[in-house]
Structures are given as structure tokens and as C-alpha cells.
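Only heavy atoms go into these numbers, but all of them, side chains included; no hydrogens, no water, no symmetry mates. Remember, it's 1-based here, ligands and their atoms both numbered in the order they're listed.
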Amino acid sequence: MNRLDHRDPLVFDTHELGRRPGAMRKVNRTLKAPEGLGIIDVIAVPEGSPIELELRLESVVEGVLVTGTAEAEVEGECVRCLEPVEFDIDVDFQELYYYPESEERLARTPGAEDLDEDSEDETYRLEGDLFDLQPVLRDAVVLALPLQPVCQDDCLGLCSECGARLSDDPTHHHDAADPRWAALQGLSAAPGDEGDGIKTSDTREGLAENQEK
Ligand SMILES: [Zn+2]
Ligand SMILES: [Zn+2]
């Protein structure tokens, strides 16, 4: 029945707290981030990076009320320019973990029907004296993350023609796009001689003609 592992750093033991309503304990723990804490492929807490947890466990009639904060660093990619994005987050959460045997009492609680509608699968329960903070922490972290992280609020993104990062070079632009010019500029190897492409190739053609004669 007890599938939680007390060695898991996100599993906490409420044995010392006891079950007398009103009892309170504080627990601080620094742990290494589990994998996948965040929004996959967008922004997340790097696996193995430190997370600092401060929890307050309170014994209430139905179970244990867990209130806490987590500090962690997150890493992702700017959605506009693809530069790395890194910052710290500080998230708050609160969750009631029901005692394993509190099921019937819960069902008889007035108002429990409304709760069932949208929060039935979000009811957390102690297993023995243990509870798993992982799903609660995960939800709190995901809610704190931007769905579209940017390196800076006014990031200009990338040039649609050449992919240059525009915030590095706000005056960046391309001359009116005549596809024949673009092709010639693509051929000239050395940077900095843009615009000389025609002259250079004229000269080369001239030379080639002279050599043929
Ligand atoms: Zn950016
Ligand atoms: Zn460009």
C-alpha cells in the first residue's frame, strides 16, 4: 500500500507532527530538481539544480495542511530570438493532504459535491504518515513560468531574411529586395564588400574576356 519512498527528497514524513489538530512543524529542505519540472522544451528547472523548500506543516481535522515556498532557477530559450533565458523563481503553494481514512468524512462534508466537479483528481492524500510534494510543487512551478519566455521584454527577435538578432543591431536592415541582387551578394565571399558585387564581377568578366583574346 505504501508506494511512497521516504528516501525520495520530495516525500515528507508527518509522523513527528502527530495528528492533534493545531500541531505545527516547519521543515526546510534543499534538494536536487527532479526531471521535467517546468514546461517541457520551453522553460524548466534544470534537472539536478538546487531547489530550496520551506514548508509549514499543520495538523488539521481532515489531514495535514502544507504551506510552503520553493526557490529555484529556471532555464529556457527566448521564443523570439532563441537566446538562452535564465532567472530565479520563488513560488508559493498550499495544499491539504487528507488522512488516508478521511474519505467517508470528506464525502459527508457539506459542499463536497461542488468540490468533486473540478478538483476530484486534485485531492491529495497521505500514505501512512508520508506525503508526496512532487505534484503540488510541479503545478506551482508551471503556473509561475511564462508560456512564452523572452530574453527581454522588448526583444526584437530575429531578422526574417538572415536570422541576425535584431536587438544586437537595431539599425539592421536589408536594401530593397531585388532577388537578382540578393543572389549576387550571396556569391561575394568577403564580408564588408556588399554593394561592390556588380563592379567586382564586371572586372572579373572583363579580365576573362581579355585573357581569351
Ligand atoms: Zn530574445
Ligand atoms: Zn538580416
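Taking a cutoff of 4.0 Å between a charged side-chain nitrogen and a carboxylate oxygen, Arg3 and Glu127 qualify as a salt bridge.
For residues 64-82, no pair satisfies salt bridge (charged side-chain N to carboxylate O under 4.0 Å, His left out), with sequence neighbours left out.
Protein nitrogen, oxygen and sulfur atoms, that is N, O or S, within less than 2.8 Å of the Zn ion (ligand 2) amount to 4. Around the Zn ion (ligand 1), protein N, O or S atoms at less than 2.8 Å number 4.
Arg165 and Leu158 make their closest contact through CA-CD2, 3.7 Å (heavy atoms, listed as atom of the first residue, atom of the second, distance).
By the 30° and 60° cut-offs, the orientation of the rings of Phe131 relative to Phe12 is parallel.
For the residue pair Glu52 and Thr30, no side-chain donor N or O sits within less than 3.5 Å of a side-chain acceptor on the partner. No side-chain N or O of Gln134 forms a donor-acceptor pair with one of Asp132 less than 3.5 Å apart. Thr14 and Tyr99 share no side-chain donor-acceptor pair at under 3.5 Å.
To the nearest 0.5 Å, atom CG of residue Leu137 and atom CD of residue Glu95 are 12.0 Å apart.
Residues passing the side-chain contact (heavy atoms from CB on, under 4.5 Å) test with Leu166 are Leu156, Cys159, His172, sequence neighbours excluded.
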